[in-house]
2 protein chains.
Amino acid sequence: MDENLPTITEKCGKKILSVHDAMDILNGRWKITIVAALFLNKMRFTDLLREINGISGKMLSRELKDLEINQLITRTVLNTQPIGVEYELTEYGLTLEKVLKALSEWGVDHRKRITGR
Amino acid sequence: MDENLPTITEKCGKKILSVHDAMDILNGRWKITIVAALFLNKMRFTDLLREINGISGKMLSRELKDLEINQLITRTVLNTQPIGVEYELTEYGLTLEKVLKALSEWGVDHRKRITGR
DNA sequence: TGTCACTGTTACTTTTGGTAACTGTATGAC
DNA sequence: GTCATACAGTTACCAAAAGTAACAGTGACA
């Protein structure tokens, strides 16, 4: 009755692995939300602080660094006064579109569910 | 030049919010991976420990409780010896299919990218 | 009687996240 | 000139979450 159980890991375990890989890049409480914000528009530091409810400057700064290291976003210093820094999704970052879309749709449905549809 | 910036929040901020809502439920490092595992099959505690690389009993136990509270999975005690407990996605848990599919696909591509395509 | 499998829990440490105050530069108001 | 403001962060300190390892309780089996 149990003889075929090991094959679950062998055959389909890759899915678990790949999901975990994805979450390794998108770890922490804010990365996915930041990427979601940048899907709307490229934004500057303070724009992101405003758009993302609850995030602090420290966390935003740290998460943006991580996302840049992982090549999901670019950081461009503008020659404005005072200095502005613009964050934008890279082409690679844009490949997260389906993930973000799915999450957003599920989030909307979930909100309906918990607020009593 | 800045007059239209506030509308970003007003018009599209809901997407950011809904993504953040979704991540509030799927928070922590393991929940999404656990759900991914349960998409393959209903499983028992030790099965999950085996399938999910790196998780500890403590975290698995805790995350399963959270997922059960949020009605994404059910917990069924089997009358086997020694006692077995089976975890299974609820219908609501199954609504995460698109999210998991998107994450899995992105994870596969990402792995190709970092292991040198 | 001792060991094993299963499903957890507990105590302890490490890592991560949150808060609030601060840095440094430039700009316009007074 | 000096004061307050905006931008893009950083720092020091504290709280919460996650990781590790050892243990608990039950019954089967040798």
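In what follows, chains carry the letters A, B, and so on, assigned in the order in which the sequence lines appear, proteins first and then strands, with residues in each chain numbered from 1.
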Taking the minimum atom-to-atom distance to the side chain of [X], which one of [options] wins?
X: K58(B); options: dT10(C), dG17(C), dA8(D); value: dT10(C)
X: P82(A); options: dA6(D), dG8(C), dT10(C); value: dA6(D)
X: F45(A); options: dG18(C), dT9(C), dG9(D); value: dG9(D)
X: S61(B); options: dA8(D), dG8(C), dT7(C); value: dG8(C)
X: K65(A); options: dT10(D), dA8(D), dA18(D); value: dT10(D)
X: Y87(B); options: dC7(D), dG8(C), dA18(D); value: dG8(C)
X: Q81(B); options: dA28(D), dT10(D), dT7(C); value: dA28(D)
X: R75(B); options: dG19(D), dG17(C), dG8(C); value: dG8(C)

For [N], does either OP1 or OP2 sit under 4.0 Å from a side-chain N or O belonging to [X]?
X: R29(B); N: dG19(D); result: yes
X: K31(A); N: dG17(C); result: no
X: R44(B); N: dA5(C); result: no
X: W30(B); N: dA17(D); result: no

Specify the separation, in whole Å, of atom [atom1] of [X] and atom [atom2] of [N].
X: L60(B); N: dA17(D); atom1: CG; atom2: C1'; value: 16 Å
X: M59(A); N: dT15(C); atom1: CE; atom2: P; value: 16 Å
X: L49(A); N: dG9(D); atom1: CG; atom2: P; value: 10 Å
X: I55(B); N: dT9(C); atom1: CD1; atom2: P; value: 14 Å
X: R62(A); N: dT10(D); atom1: CZ; atom2: P; value: 11 Å
X: D24(A); N: dA18(D); atom1: CG; atom2: P; value: 14 Å
X: E68(A); N: dG9(D); atom1: CD; atom2: P; value: 10 Å
X: E63(B); N: dT9(C); atom1: CD; atom2: C1'; value: 16 Å

- Assign the ring pair F45(B) / Y87(B) to parallel, tilted or perpendicular, where the plane angle (0 to 90°) is split at 30° and 60°. tilted

- Query: Backbone N or O of G57(B) within a donor-acceptor pair of the S61(B) side chain at under 3.5 Å?
  - Reply: no

- Backbone N or O of R111(B) within a donor-acceptor pair of the T115(B) side chain at under 3.5 Å?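 Yes: the side chain of T115(B) pairs with the backbone of R111(B).
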
- Message: Distance check, rounded to the nearest 0.5 Å: Q71(B) atom CD versus R113(A) atom CZ?
- Response: 5.0 Å

- Message: Listing request: all salt bridge (charged side-chain N to carboxylate O under 4.0 Å, His left out) pairs with a residue in residues 78-99 of chain B, at least two apart in sequence or in separate chains.
- Response: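 Listed once each, the pairs are K42(B)-E86(B).
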
- Message: Within the 4.5 Å heavy-atom criterion, are R44(B) and T80(B) side-chain neighbours or not?
- Response: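 Yes, close enough: below the 4.5 Å cut-off.
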
- Determine the contact category for S56(B): base if any of its heavy atoms lies under 4.0 Å from a base atom, sugar-phosphate if only primed atoms, P, OP1 or OP2 are that close, otherwise nothing.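 Base, at least one base heavy atom under 4.0 Å.
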
